[in-house]
Every structure is written in C-alpha cells, then in structure tokens.
Amino acid sequence: MKIASWNVNSLKVRLPHLEEWLKTAAPDVVALQETKTEDAKFPLEALTAAGYGCVYTGQKTYNGVALLARTAFCDVVSDAIVLDDPARRYLAATVDGVRIVNLYVVNGQDVGTEKYAHKLRWMQAVRDMLADELTRHPQLVVLGDFNVAPEDRDVHDPKRWHEKILCSTPERQALRAMLDLPLHDSFRLLEQGPGHHSWWDYRLMAFPRNWGLRIDLVLVSEGLRTRVRAVGIDRDTRAWDRPSDHAPVWVDIA
DNA sequence: ATGGTGGTGCGACCA
C-alpha cells in the first residue's frame, strides 16, 4: 500500500502535474495540501478518470486539503479542530483499515509573530486529536506539509536556518510532542543521511542550488512501523515546468 | 536585515 503526500500549491495549476505523477508513481492513497480550490470547483471528473475516489475540504485562495484513494473511504472527518480558524487544514479518513490523517500545518510566517503563536497552538491541538485517533486506530498514518524540519540533518544549511521559521526549537518540540505519542517519521526509519529535501523556495534559485528543507512528512504508528518497506521523495517533479515548490513524499507499507 | 518568486485575482495577502 503506497501512501503519498504532495503540497501542490494550487490544484487548478498543478492538475496536469498531478495526473502525470499519478501515472508513474501509482500511489494507492494521496494526501494533497494547498489545493486552494473551493469544493464546488474540485476537479472530480479528472481524478475519477485517473482511477481515484476523492474527499476534500477546500476554500478559495488559501489552504485546502484532499485525499485520493483507489478504494473506498469511511469515517471521513474534516476540520474537527477549529481554534477559531476557518482555514481548511485537516482531513481524516479510513482506507483499507488504515486511518489516514492529512495535515496542512500552519506556516507561522516568522518566529515571534502572532501567526507563529497560532502555529504552536494549532500543533498542540492536533497532537491531542492524534492521541484520540490512536486510541481508536492502531494503524495510523499522519502525513502532509508539517512546515517543520524535524532536525538539522533535514536542512540544507542549518546555520542559516538556526532558530528561523520551520526550524525553531518550539516548532520542533511541537512536532516532537506528536512523535512521542508515539508516531515514527517513516523516512528516518530507512534513510539516515542529510541532503534529503521536500521543499525548495521559489526564490533565490533555491532548487538548482538544492537549498531545501524536508518539511513534508509521513508519520506511522507503532502498529505500522515494522511494515514500512520503502520510502521516497519524488524530487524530479520540482524540475518540471511550472512546478509546485514541494515534491511528493511517500511510504510503501507491506 | 532585506529581498527574491509564485498563486490568487486584479490589490494585497500568503507562503
């Protein structure tokens, strides 16, 4: 069962990219973030034609998450955590007995801002949601754009990013609180080295310079940990014409 | 310390 996550940064613009990638990557389940698409305008026909059922919770201009799967969804929950936040960032469903939680974590803008404080509160609330999910679903996958690089080895230049947004200690502690549930960063079960990134800023020619961060994660519960047989980051998509600033990340579960 | 690019939508925002 191949489960993937991709922040597409506008599903309208990236639909051709998504269709092409679905053909070659052939995932069974896909979590999308930043669809920036109202539900009424979701490209259901194209994705149905590609062989996927869809559930989604979107909004105009900002945010928006969706799940695609080859088989049926059940127990779909969206935006159950609100925090006075109308943003569409949370979507959970069960597929083939595996609970999937798709997250688009608050970006936080800069350390010390109100948005940063909101990010930390949001992550704490999600941690509590995940704790609740785990009590009911021992086979749990939590994936998406976490907007946090877990460790310095996930950052192209840790000195440059020291205590900056996406890398600050409080953000990493908020992520650690999720990992302590426990959940496991699937990528690090199989790959230990630095230089693996999932996001490269559009600015400063970051991708050609490989100035990236690994902020898109697939976390798996203890019940799935030993069943992880492969992980990957499809970085080639970042070199495509008019790309998303994120690459798809995935895990293959036996 | 700042700016750079890209998406949305047509003016600023968000990332």
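Here is how names work: the chains are called A, B, and so on, in the same order as the sequence lines, proteins then strands, and each is numbered from 1. From a predicted model like this one, the values you see are computed outputs, not experimental measurements.
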Worksheet item: Is the gap between the ring centers of Trp6(A) and Trp21(A) under 6.0 Å?
Response: yes
Discussion item. Taking atom CD as the centre, does Glu45(A) end up with more than 12 heavy-atom neighbours from other residues, nucleotides or ligands that are less than 6.0 angstrom away?
Written reply: no
Item to complete: Using the P atom on both, measure dA1(B) against dC13(B) and round to a whole Å.
Response: 24 Å
Discussion item. Can you measure Arg160(A) atom CZ to dT2(B) atom C1' for me and round it to whole angstrom units?
Written reply: 11 Å
Worksheet item: Looking at Ser10(A), does any N or O in its side chain come under 4.0 Å of the phosphate oxygens OP1/OP2 on dT8(B)?
Response: yes
Discussion item. Quick check on dC13(B): is either OP1 or OP2 less than 4.0 Å from any side-chain nitrogen or oxygen of Thr61(A)?
Written reply: no
Discussion item. Mind checking if Phe207(A) touches a base, just sugar-phosphate, or nothing, with heavy atoms under 4.0 Å?
Written reply: nothing
Discussion item. Rounded to whole Å, please give me the gap between NZ in Lys164(A) and C1' in dA1(B).
Written reply: 10 Å
Discussion item. Rounded to whole Å, how long is the line connecting atom OH of Tyr202(A) with atom P of dA15(B)?
Written reply: 14 Å
Item to complete: Using the P atom as the reference point in each nucleotide, state the distance between dG9(B) and dC14(B) in Å, no decimals.
Response: 15 Å
Worksheet, complete the sentence: note: Lys60(A), atom NZ; dC13(B), atom P; distance rounded to Å ~ 17 Å
Practice prompt. Can you tell me the distance, in whole Å, between the CG atom of Leu166(A) and the C1' atom of dA15(B)?
Written response: 9 Å
Item to complete: Tell me what Arg89(A) touches on the nucleic acid: a base, only sugar-phosphate, or nothing, going by heavy atoms under 4.0 Å.
Response: sugar-phosphate
Item to complete: Run the numbers on Tyr104(A) and Leu32(A) for side-chain contact (heavy atoms from CB on, under 4.5 Å), then give the verdict.
Response: CA-CA 9 Å; Tyr104(A) 174 47; Leu32(A) 301 176; over 6 Å; no
Response to the item:
Of Thr35(A) and Lys115(A), the one whose closest nucleotide on DNA chain B sits nearer the 5' end is Thr35(A)
Response to the item:
Atom CD of Glu34(A) and atom C1' of dC14(B) are separated, to the nearest Å, by 8 Å
Worksheet item: What integer distance in Å separates Gln59(A):CD from dC14(B):C1'?
Response: 11 Å
Discussion item. Check the phosphate of dA15(B) against Arg203(A), side-chain N and O only, distance under 4.0 Å to OP1 or OP2. Yes or no?
Written reply: no
Worksheet item: Any idea how Trp199(A) and Trp161(A) line up, ring-wise: parallel (<30°), tilted (30 to 60°), or perpendicular (>60°)?
Response: perpendicular
Worksheet item: Whole-Å distance between dC14(B) P and Asn9(A) CG?
Response: 15 Å
Discussion item. Any non-hydrogen side-chain atom of Asp154(A) less than 4.5 Å from a side-chain atom of His197(A)?
Written reply: no
Practice prompt. Name the pairing partner of dG7(B), where a pair is Watson-Crick or G-U wobble with both distances under 3.5 Å, or state none.
Written response: dC13(B)
Discussion item. Pick the closest DNA chain B nucleotide for His246(A) and for Leu204(A) by heavy atoms, then say which residue is nearer the 5' end.
Written reply: Leu204(A)
